[in-house]
Amino acid sequence: MKTEDIDTPAVVIDLDKVDANLKRAQDYADANNLPLRPHVKTHKLPEMAQKQMELGAIGITCQKIGEADAMADGGLTDIFLPYNILGASKLDRLADLNARVTLSVTADSAATIEGYAARFDKDAPLTVLVECDTGADRCGVQTPEEAVALARQIDAAPGLIFGGLMTYPPKGGADRADAWLLRAKAALEDAGLPPRVISSGGTPDLYSAGEGSAATEYRPGTYIYSDRMQVGFGHGTLDDCALTVKATVVSRPTPDRAVLDSGSKALAADLAPAPHKGHGHIVEYPDAVITGLSEEHAVVDLSACADKPEVGDAVRVIPNHACVVTNLFDRVHLVRGDKVDRVADITSRGKLQ
């Protein structure tokens, strides 16, 4: 099967670009003595996670229990789940997963730790890291003192093991995050609770992560495929983007307007940072702008294009946010050159619980 035979809309993954992206990141990590624990949310494929492990990753990161279960089914054995897990049913599932793999989770509140402590015992303990807000304004304790208080609560529970600290730093804020984590590390050491792991992450600042001194592991995700958003953040170029959505021009209602068969259900609705306009980059027509998405249609402004596509033409779209696109499809086409190597089912698709 050749790429021209792939029906649309479809996700196409360039394996040569994947290999280059993974090697570049692992080489950088190795050179800076910074172990990688890649986030699988971008690809959601156990075979890609295994490829990352073979190159030197120390484990993987998942965001939800269902995603982690699918990875465990695919043979992955060391999983970090940086999320507050709440509720009896989820804690039961977490305990089942903890019995299958080497597992760690996070908490940023006493209530979350109390739930873990009530469900886990010393015979099958759960490793818990304290999540820290180092400037991204999402989850996480606000001060190193709060981190110490939660570490003490974890350490006091017979069924829990204090694993260390975790953060998702703000884009461009790696220095501030590193300083925050170093203060927390010192406070924990003074309290007799030195953190075994300090986990940080994020693709935008991957290639400056080695400049920090606090993190003991790094969790990039999108780097494996990259996308237009990451390019806008300064991570690589459009030539590094391994994931494209193959689409077909289904209408040319005016000379300057085309419509693709890939709407919000194929491209997602995220926007990329300036100067990137629209809802994706059309490789064959770089001056075109995807101005709007409905569920099944992408409207394209062709007014700046010297050459324009005709009805029935196929195009490749580099999406703004690859991770969301992966979650919109049941399978991806893995290609080398113009030939399809294989079609892979996205085993973690839709695992939101």
Side-chain angles (χ1 to χ4, degrees), residues 3 10-32 34 36 38-39 41-43 48 51-52 55 57 169-174 201-211 218-247 260 262 266-291 298 300-302 304-307 309 314-326 332-338:
T3 54
V11 173
V12 179
I13 306 296
D14 185 320
L15 290 174
D16 291 330
K17 291 186 178 182
V18 165
D19 291 344
N21 291 342
L22 292 181
K23 185 178 186 303
R24 186 183 309 121
Q26 191 63 56
D27 286 350
Y28 174 84
D30 291 344
N32 287 275
L34 184 64
L36 293 185
H39 206 310
K41 64 176 182 175
T42 304
H43 55 75
M48 290 295 184
K51 185 188 290 279
Q52 290 168 314
L55 282 172
K171 301 174 190 68
T203 294
D205 294 322
L206 169 59
Y207 290 111
S208 60
E211 298 169 11
Y218 200 77
R219 309 182 318 276
T222 316
Y223 79 106
I224 184 172
Y225 293 161
S226 196
D227 55 26
R228 202 163 175 240
M229 188 177 292
Q230 295 302 321
V231 172
F233 292 145
H235 179 86
T237 70
L238 291 172
D239 288 337
D240 298 317
C241 295
L243 182 151
T244 56
V245 175
K246 183 183 178 185
L260 309 180
S262 303
L267 294 174
D270 303 68
L271 295 175
H276 302 286
K277 299 178 181 178
H279 294 276
H281 172 81
I282 300 178
V283 175
E284 294 80 4
Y285 302 94
D287 294 322
V289 178
I290 302 175
T291 57
V300 184
D301 178 1
L302 302 172
C305 299
D307 297 316
V315 297
R316 294 168 293 159
V317 181
I318 297 174
N320 288 339
H321 194 175
C323 308
V324 180
V325 170
T326 296
V332 294
H333 295 77
L334 306 174
V335 307
R336 291 196 187 275
D338 65 350

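Only heavy atoms go into these numbers, but all of them, side chains included; no hydrogens, no water, no symmetry mates. Given the structure is predicted, the values throughout are model-derived calculations rather than measurements.
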* Asked: Hey, what do you get for CZ (Arg228) to NE2 (His321), rounding to the nearest 0.5 Å?
  -> 14.0 Å
Throw together a table of side-chain donor-acceptor distances under 3.5 angstrom for residues 203-211, partners on residues two or more places apart or in other chains.
unit_1: Thr203; atom_1: OG1; unit_2: Gly221; atom_2: N; d: 3.2
unit_1: Thr203; atom_1: OG1; unit_2: Thr222; atom_2: N; d: 3.1
unit_1: Thr203; atom_1: OG1; unit_2: Tyr223; atom_2: N; d: 3.1
unit_1: Asp205; atom_1: OD2; unit_2: Gly172; atom_2: N; d: 2.9
unit_1: Tyr207; atom_1: OH; unit_2: Ala25; atom_2: N; d: 3.2
unit_1: Ser208; atom_1: OG; unit_2: Asp205; atom_2: O; d: 3.1

* Hey, what do you get for CD (Gln26) to NZ (Lys51), rounding to the nearest 0.5 Å? -> 13.0 Å
* Are the side chain of Lys246 and the backbone N or O of Thr3 linked by a donor-acceptor pair below 3.5 Å? -> yes
* To do: Could you give me the CA-CA distance, side-chain angles and deciding distance for Gln230 and Asp227, then say whether side-chain contact (heavy atoms from CB on, under 4.5 Å) is met?
  => CA-CA 5 Å; Gln230 295 302 321; Asp227 55 26; 3.1 Å; yes
* From Asp287 atom CG to Ile282 atom CD1, the distance as rounded to the nearest 0.5 Å -> 10.5 Å
* **Heavy-atom side-chain contact between Ser262 and Val317 under 4.5 Å** => no
* To do: Nearest 0.5 Å please: distance from the CD1 atom of Ile318 over to the NE2 atom of His281.
  => 5.0 Å
* Report yes if the side chains of Asp240 and Arg24 come closer than 4.5 Å at any heavy-atom pair, otherwise no. => yes
* **Thr326: which of Ile13, Leu243, Val11 passes side chain to side chain contact (heavy atoms under 4.5 Å, CB included)** => Leu243
* Judged by atom type as modelled, is there a donor-acceptor pair below 3.5 Å linking the side chain of Tyr285 to the main-chain atoms of Ala306? -> no
* To do: To the nearest 0.5 Å, tell me how far Ile290 CD1 sits from Leu260 CG.
  => 6.0 Å
* Residues that Arg336 engages under salt bridge (Lys or Arg N to Asp or Glu O under 4.0 Å), provided they are two or more places apart -> Asp16, Asp19
* Asked: Would you say Asp307 has more than 12 foreign heavy atoms packed within less than 6.0 Å of its CG?
  -> no
* Would a 4.5 Å heavy-atom cut-off, applied to side chains only, mark Pro319 and Val324 as touching? -> no
* Non-hydrogen side-chain atoms of Ile224 and Asn21 separated by less than 4.5 Å -> no
* From Asp270 atom CG to Met229 atom CE, the distance as rounded to the nearest 0.5 Å -> 4.5 Å
